[in-house]
Amino acid sequence: LAEELRHRTRQIELLNRILQRAYEDNFDDAGNPRPLKQDGLPLSIAEQIVFVPGYTEDVAKHFAAGATAYIASSEVPLEASGTSPMKPLVPVIASHDGYEATHIVNEVNGWLFGHRHDPPSDPGSRHHYFWEEAEDMYRVMNRALDVYHEERPEDKGKWLEMTRAVIFSPFTQLEVG
């Protein structure tokens, strides 16, 4: 129980750090001001995360139009086809599942995280497997933020290059003949 609590606390801390960093640095950085409440105060991170019931392709078009990155965190091997990241045409952060596993090249058109194999069936190992998945996802999300904000000299212009790679990659995958 103590180890479980320690893991959960660490996961919450990691996610809070990433969300805070994305919020403070304006991860979507489209030149738009941060969303404000009616009283003029900025929305908290929790107020900006929503569950969308009845999510459809029509609804997805509205979200994709304003996206800077896309996170696809399906459980290996449960993704039906994994073509959702094709919609927004932005760098993708994804698990090794579906379309993403075969079309994402790390630091070229996105990032992959986690295991490349199915989770184990026994509960103890399965639990450990998912903690490792989460840890790796947070590591990759931080790397994506580094690239977006050009934290390292070698990252200068990389986000734009990656976005271009995403936009043109569907066309390079077509077989002509």
Side-chain angles (χ1 to χ4, degrees), residues 14-36 42-52 55-116 133-176:
L14 288 170
L15 184 57
N16 278 334
R17 265 190 268 151
I18 289 167
L19 291 172
Q20 191 65 40
R21 182 176 175 203
Y23 179 76
E24 287 174 356
D25 295 340
N26 201 1
F27 189 71
D28 64 358
D29 203 7
N32 299 318
R34 291 187 183 135
L36 300 176
L43 292 172
S44 71
I45 293 166
E47 292 170 312
Q48 295 181 56
I49 298 173
V50 296
F51 170 74
V52 182
Y55 186 79
T56 64
E57 195 169 320
D58 283 339
V59 173
K61 291 176 188 174
H62 298 286
F63 286 106
T68 301
Y70 186 93
I71 300 173
S73 59
S74 61
E75 178 185 330
V76 175
L78 301 181
E79 179 62 53
S81 65
T83 57
S84 295
M86 294 170 71
K87 293 178 191 121
L89 294 176
V90 294
V92 177
I93 300 167
S95 59
H96 288 273
D97 199 15
Y99 169 90
E100 296 90 342
T102 57
H103 288 79
I104 293 177
V105 178
N106 274 316
E107 302 225 8
V108 173
N109 60 352
W111 295 267
L112 291 168
F113 66 86
H115 300 284
R116 297 171 192 243
E133 290 272 306
E135 291 275 336
D136 199 39
M137 182 178 76
Y138 298 137
R139 180 191 60 76
V140 168
M141 289 170 75
N142 270 309
R143 177 63 187 133
L145 283 166
D146 287 347
V147 171
Y148 184 79
H149 294 291
E150 300 178 337
E151 298 285 337
R152 303 177 188 171
E154 64 269 19
D155 292 337
K156 187 82 173 153
K158 187 169 187 159
W159 193 270
L160 182 58
E161 288 174 27
M162 291 179 74
T163 302
R164 285 183 181 135
V166 171
I167 291 169
F168 294 110
S169 65
F171 302 107
T172 61
Q173 298 297 321
L174 292 176
E175 292 184 23
V176 180

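Everything numeric here is computed off the predicted structure, so don't read it as measured data.
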> What residues form a side chain to side chain donor-acceptor pair (under 3.5 Å) with Asp136, not counting sequence neighbours?
Replying inline: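 Result, side chain to side chain donor-acceptor pair (under 3.5 Å) vs Asp136: Arg139.
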
> Who pairs with Arg164 by side chain to side chain donor-acceptor pair (under 3.5 Å), at least two apart in sequence or on another chain?
Replying inline: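 Arg164 satisfies side chain to side chain donor-acceptor pair (under 3.5 Å) with no other residue.
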
To check you understand the geometry: which heavy-atom pair defines the closest contact between [X] and [Y], and what is its length?
| X | Y | result |
| --- | --- | --- |
| Ile104 | Ala94 | CD1-CB, 3.9 Å |
| Trp159 | Ala144 | CZ3-O, 3.4 Å |
| Trp111 | Val147 | CZ2-CG2, 3.8 Å |

> To the nearest 0.5 Å, what is the distance between CZ (Phe168) and CG (Asn109)?
Replying inline: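 One finds 13.5 Å between CZ of Phe168 and CG of Asn109.
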
May I ask you to decide if [Y]'s main-chain N or O and [X]'s side chain share a donor-acceptor pair within less than 3.5 Å?
| X | Y | result |
| --- | --- | --- |
| Glu150 | Gly157 | yes |
| Asn106 | Leu112 | yes |
| Glu133 | His115 | yes |
| Asp146 | Asp155 | no |

> Residues two or more places apart in sequence or in another chain: which of them pass side-chain contact (heavy atoms from CB on, under 4.5 Å) with Arg116?
Replying inline: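 Arg116: side-chain contact (heavy atoms from CB on, under 4.5 Å) contacts with His96.
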
>> Taking salt bridge (charged side-chain N to carboxylate O under 4.0 Å, His left out) as the definition, give me every residue that meets it alongside Glu107, ordered by chain and number, with sequence neighbours left out.
In response: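 Partners of Glu107 by the salt bridge (charged side-chain N to carboxylate O under 4.0 Å, His left out) criterion, ordered by chain and then number, come out as Arg143, Lys158.
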
